[in-house]
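Note sheet for the following structure.
In each ligand, atom 1 is the first atom listed, and ligand 1 is the first ligand listed. What you see is a predicted model; the values in this text were computed from it and never measured.
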Amino acid sequence: MSTSPQNNIYRSVIDLKSATSNEIYSLFESAMQLKNGFTGQKDIPQRGIAALLFFEPSTRTRFSFEAACARSGVYPLVLSGAAGTSLEKDETLEDTILNIEAMKPLFFVIRAPDALNMREMAEKIHTPIINAGWGMQGHPTQALLDMLTVYENFKTLEGKKVLFVGDIKHSRVVSSHLELSRTLGYQVGYSCPASFLPYSVDRDVMYFSQLKEGLQWADAVVALRVQKERHGGAKFSVEDYKAQFSINKATLEYLNTDSIIMHPGPINYGIELEKEVLQDPRSQILKLVENGAFVREALIRQVLQRIS
Ligand code: CP
C-alpha cells in the first residue's frame with residue numbers, strides 16, 4: 001500500500017507491514033463509499049485485463065476479486081487450479097506467471113502456496129501483484145475486510161480486542177492481523193490448544209488456554225478453520241478439540257452481547273464452529289463476505305491509480 005511509483009514491489013500488495021494508518025482508513029472510506037453507492041451493475045469503460053491466478057482453492061476471495069474487477073472496468077482472466085493448464089505438464093508457478101505477464105495484464109491477483117516466493121516475484125516482474133492468500137505467510141485483504149467490519153460495528157479500532165480461536169499456527173489470516181494490529185492499534189488474543197500455538201508468540205498477544213476467559217475478554221471473536229491439510233499427518237482429535245474450543249450456543253454465553261462473531265471461511269461445521277452460530281445476532285460471517293468485495297474493489301482502484 002506504499003506509494004513509491006518506481007519499484008514494482010511498492011505498487012504490489014504482498015503484506016501490510018508498510019501500510020500507514022492514513023492509507024488504511026482511506027481504503028476503508030473508499031470501500032464504504034462503494035458499498036453505500038452500490039446499485040448493481042453499471043456501464044463503465046473497460047480499462048484492460050487482470051490475471052487472477054488461484055493456484056490453491058478459493059471461493060470468497062476469487063469471486064470477490066472477480067466481482068471487484070468487473071465493477072472497476074477490468075476484465076478478469078482467471079486460472080483456478082492446475083486442471084487444464086500446463087501446470088499439469090510440470091510447468092512451474094514462476095514460469096506460469098512470467099508467461100501470463102507477457103500478455104500484459106494490468107495487475108495480478110495471486111493465491112499461492114509457500115513454495116512460490118511472492119515477494120521475490122513482485123521484485124522480479126513489472127506488473128503489480130495483489131496477495132490473495134499466500135501459504136502461511138499472509139492474507140492481507142482478509143485482515144483488511146475483517147477490520148473494516150469491526151470498524152463498521154464499533155466506529156473505532158483503537159484498543160479493540162480481537163480473539164482468534166483455533167489453528168493459529170497455520171493461519172495466514174493471523175499473520176496479516178499481527179501486521180495490521182501494530183498499525184491500527186487493536187489488541188490480538190489467541191485461544192487454542194498449545195499444539196496450535198505458533199513457535200513464537202508476540203509479546204503483545206494475550207493467550208487464553210480457557211476459551212471462556214478469551215470470550216469474556218473479546219470485542220470480536222474470529223473462529224479459524226482447523227487446517228488439517230497443513231498438519232503433515234500429525235494426530236488431531238476432533239472430539240478433544242471440540243470439547244475445549246468449539247464456538248457454539250453454549251460457549252457464546254460467555255461473549256458480551258455487543259461483541260461480534262467472525263470466521264474467514266470456509267467453515268468446518270461441527271469442528272471449530274456449530275451451524276447454530278450463524279443464527280446468533282452477533283454473527284457477522286456473511287457481512288465479512290459482503291465487505292470483502294468492496295474492500296477488494298477499493299484496493300483494485302488504488303492499484304489502478306498507482307499504475308496510471
Ligand atoms: N477466507 C477465504 O480466503 O476464503 P476462500 O478460501 O474461499 O477464498
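- Residues meeting the side chain to side chain donor-acceptor pair (under 3.5 Å) test with E274, sequence neighbours left out: none.
- Between R119 and E123 no salt bridge is recorded (no basic side-chain N to carboxylate O distance below 4.0 Å).
- Residues forming a side-chain contact (heavy atoms from CB on, under 4.5 Å) with S26 (at least two apart in sequence, or on another chain): none.
- Using a cut-off of 4.0 Å between Lys/Arg side-chain N and Asp/Glu carboxylate O, K242 and E272 are scored as not salt-bridged.
- The immediate protein surroundings of ligand 1, defined as residues with any heavy atom under 4.0 Å of it, consist of S58, T59, R60, T61, R111, H139, Q142, P264, G265.
- Ion pair E56/R172 flagged as a salt bridge, since at least one NZ, NE, NH1 or NH2 atom sits closer than 4.0 Å to an Asp/Glu carboxylate oxygen.
- In terms of the side chain to side chain donor-acceptor pair (under 3.5 Å) criterion, residue partners of E120 (sequence neighbours excluded) are, by chain and number, N117.
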